[in-house]
Amino acid sequence: MKKLFLTAMLASAFMAASACTNLIATKGATKDGSILVTYDADDYGMFTGLCHYAAGRHDKSARREIIDYDTHASHGFIPEAPVTYNVIGNINEYQVSIGETTYGGRDEMVDATGIIDYGSLMYLGLQRAKTAREAIKVMTTLAETYGYNSGGETFTIADKNEVWLMEMQGCGGDKKQKVVWVAVRIPDGMITGHANQSRIGQFSAYGTEVIASKNCISFARSKGWFTGKDKDFNWKNAYAKPDFTGRRWCDARVWSYFNHFKDMTPWLPWALGRDANAEDMPLWIEPNKKLDVAMMAECMRDHYEGTPLSLDNDPGQGGWDMPYRPTPLQYEVDGKQYFNERPISTQQTGFTYICQLRSWMADEVGGIIWFGNDDANMIAYLPIYCGSTVQPECFNTPGADAVTYSDKNAFWVCNWVSNMVYPRYSQLFPALKSVRDELENSYFSNQKAVEEKALALYATDKAAAVKYLNDYSIRLGDEMMTRWHQLATYLIVKFNDMTVKPEKDGKFLRTETGLGARVERSGYSPSARRVIVKQTGDKYLMPAAEH
């Protein structure tokens, strides 16, 4: 019975974490030399704010309870580290950032007896490491010592100088072997990504630094999953071979990110998922232009626009060109299975971030997590500096949770607005985008002055500099919430009953007698009209005499 319970919990955890995206740009690929790493934490009903783990010193008897990131069940205790570092969200005070996407892999490799789950592993790594390499050591040692009880996982492990991808799976409860893993350093000047499909292939051919568990290849041999020469070993083909959904729902998101910075037409057959002989997509590419935070945000808001996977040419877009589709991704008609596309930007995002890591600054100023609750397309990324010890109230709201609304909470207020926008996207989204971009552009334009002041303070009073930046983020959070409440009420008034109220100079128009001006009736979007006519033919064609 216990085994069945654990299996059910693990299946639930995989479903909760199986729709995430990480996009990565090394410092040689960015305009200013920042390392940029992103994360969408997607789930059906996920409610997660901006976490904080305070730095601390702990005596030898201190123990750390491992609470499962997805299920919140306790897996037991491990010894606490003597020293732990400040963590805000997915970045620590030394500009180390760790994100993930779950790919699952072989079911028989899951170790239900393991203590460490993937989420706990991330935050343990952040609390115990000053560099990406140290984080890899911390995370793999913990998994090898206490067992790893999650499915296959790809971790983005970055610091201010380099980025690594690490993939890990359990050994199915093997008493002698706890885990298998491999970590690949992404060459400087390149961009990469992962989105719930194992991405590491034949790593001996990469020409970059690779670190792996001693049993990385031998475990696959022992199971009969690999029989060739060591140099030909392909991690994902042995442990998590891409299938149609792994390519179409997962790798396609990475393909679309790459497509912003390189013509990815040669790898379109791979992303489409149907051609078994399609050329595999590269693990990384060299972009044709340098990236910055704003460009990464644009990529996090991607819906396959302008590509063969675009969501703007079928009835699923509704009457106002919605680039979103309901879940589950599969549905049945007359005994046949069909599917929806799953772009990077999705309505089921719980939180999203872009971490900016800068080696030329003091860590507390150089490390930023640009954070938001809800779909990346529907929020303004707000800067939180890595030395922060107090979250903005909107990202850590007492009493708010997945079934308790709070008008002080960013997830709920942003979600309220986005759920007005989704079904009438082309009609309402421009108003949201205007507010979103206005806020983000103000953050970008103020960044230099804010950081110059922080660095001046840092030279004489480090604590004062950290507090100044922390207070700045809290103020922005409050201002963002005020602006989003205004946006919500504006949308209700402006677009109620599927009409549009006219306005001028920011004020709704009135008649001479003080009534609201006559509303505009915009009807379906032009593209939706064509889809309806194509599907219904002459059913709704007006008689010629009445045109």
Side-chain angles (χ1 to χ4, degrees), residues 19 42 44 195 243-253 255-256 259 264-265 268-275 278 301-349 375-378 415 417-433 491-492 494-501 518-547:
D42 301 336
Y44 304 89
D243 56 12
F244 171 77
T245 59
R247 289 161 58 183
R248 187 62 170 256
W249 288 346
C250 304
D251 273 357
R253 284 172 262 168
W255 178 90
S256 194
N259 198 53
M264 290 294 290
T265 302
L268 178 60
W270 178 266
L272 293 176
R274 297 187 186 278
D275 182 358
R301 292 162 176 156
D302 183 89
H303 298 109
Y304 298 130
E305 289 89 350
T307 78
L309 290 85
S310 176
L311 294 98
D312 62 0
N313 56 4
D314 65 67
Q317 69 189 14
W320 286 280
D321 305 335
M322 178 178 68
Y324 298 85
R325 296 296 182 269
T327 53
L329 293 175
Q330 284 181 266
Y331 58 95
E332 183 176 316
V333 177
D334 297 332
K336 295 182 179 180
Q337 292 294 319
Y338 296 85
F339 68 93
N340 286 324
E341 303 290 4
R342 196 286 183 182
I344 294 171
S345 172
T346 171
Q347 71 273 17
Q348 65 199 57
T349 297
D375 173 12
N377 194 39
M378 300 286 177
N415 202 262
V417 171
S418 60
N419 275 272
M420 283 193 277
V421 173
Y422 287 137
R424 295 161 64 188
Y425 188 80
S426 60
Q427 191 177 52
L428 274 66
F429 180 70
L432 184 151
K433 182 178 184 298
L491 292 174
I492 291 169
K494 175 79 174 178
F495 298 104
N496 74 309
D497 295 337
M498 292 186 278
T499 63
V500 183
K501 289 190 173 70
R518 182 178 294 274
V519 299
E520 299 169 359
R521 304 172 190 271
S522 58
Y524 297 120
S525 71
S527 57
R529 296 174 193 179
R530 292 185 179 280
V531 170
I532 292 170
V533 171
K534 182 178 180 180
Q535 182 172 319
T536 61
D538 292 340
K539 181 178 181 179
Y540 299 114
L541 181 66
M542 291 286 291
E546 298 186 25
H547 279 188

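Below, each value reflects all heavy atoms present in this structure, side chains not excepted, and no hydrogens, waters or symmetry copies. All figures in this text were calculated on a predicted structure; none of them were measured in a lab. In this chain, numbering begins with 1 at the start of the sequence shown.
With hydrogens and angles ignored, the 3.5 Å screen pairs no side-chain donor or acceptor of Arg424 with any backbone N or O of Met420. With hydrogens and angles disregarded, a donor-acceptor distance shorter than 3.5 Å links the side chain of Asn259 to the backbone of Met264. Proximity of a side-chain donor or acceptor of Arg247 to a complementary backbone N or O of Trp270 within less than 3.5 Å is detected.
Here the straight-line distance linking atom CD of Glu305 with atom OG of Ser256 works out to 7.5 Å at 0.5 Å rounding. Atom CG of Leu309 and atom CG of Leu272 lie 5.5 Å apart (nearest 0.5 Å). Taken from CG in Asn496 to NZ in Lys501, the straight-line distance is 3.5 Å, to the nearest 0.5 Å. Taken to the nearest 0.5 Å, the CG atom of Leu268 stands 5.0 Å off from the CH2 atom of Trp255. Rounding to the nearest 0.5 Å places OG of Ser418 at 11.0 Å from CZ of Phe429. Remark: Ser527 OG to Trp320 CH2 distance equals 12.0 Å, nearest 0.5 Å.
Considering every non-hydrogen atom in both Gln347 and Tyr324, the closest pair reads OE1-CD2, 3.5 Å. Contact detail for Ala528 and Gly319: the closest heavy-atom pair is CB-O, 3.5 Å. Between Asn377 and Arg301, the closest heavy-atom pair is CA-CG, 3.4 Å. What you find for Phe339 and Arg274 is that their closest heavy atoms are CE2-NH2, 3.5 Å. Among all heavy-atom pairs drawn from Gly246 and Cys250, the shortest one is O-CB, 3.0 Å. Nearest heavy-atom pair, Ala431 versus Leu491, reported as atom, atom and distance to 0.1 Å: CB-CD2, 3.9 Å.
Contacts classified as salt bridge (Lys or Arg N to Asp or Glu O under 4.0 Å) and involving residues 314-343 (residues at least two apart or in different chains) are given here: Asp42-Arg342, Arg248-Glu341, Asp314-Arg325.
Taking a 6.0 Å sphere around CZ of Arg530, one finds it holds 12 or fewer heavy atoms contributed by other residues, nucleotides or ligands.
At least one side-chain heavy atom of Tyr331 sits under 4.5 Å from a side-chain heavy atom of Asn340. A heavy-atom distance below 4.5 Å is not found between the side chains of Val417 and Met378.
For the residue pair Asp497/Thr499, the side-chain donor-acceptor check at 3.5 Å is not satisfied.
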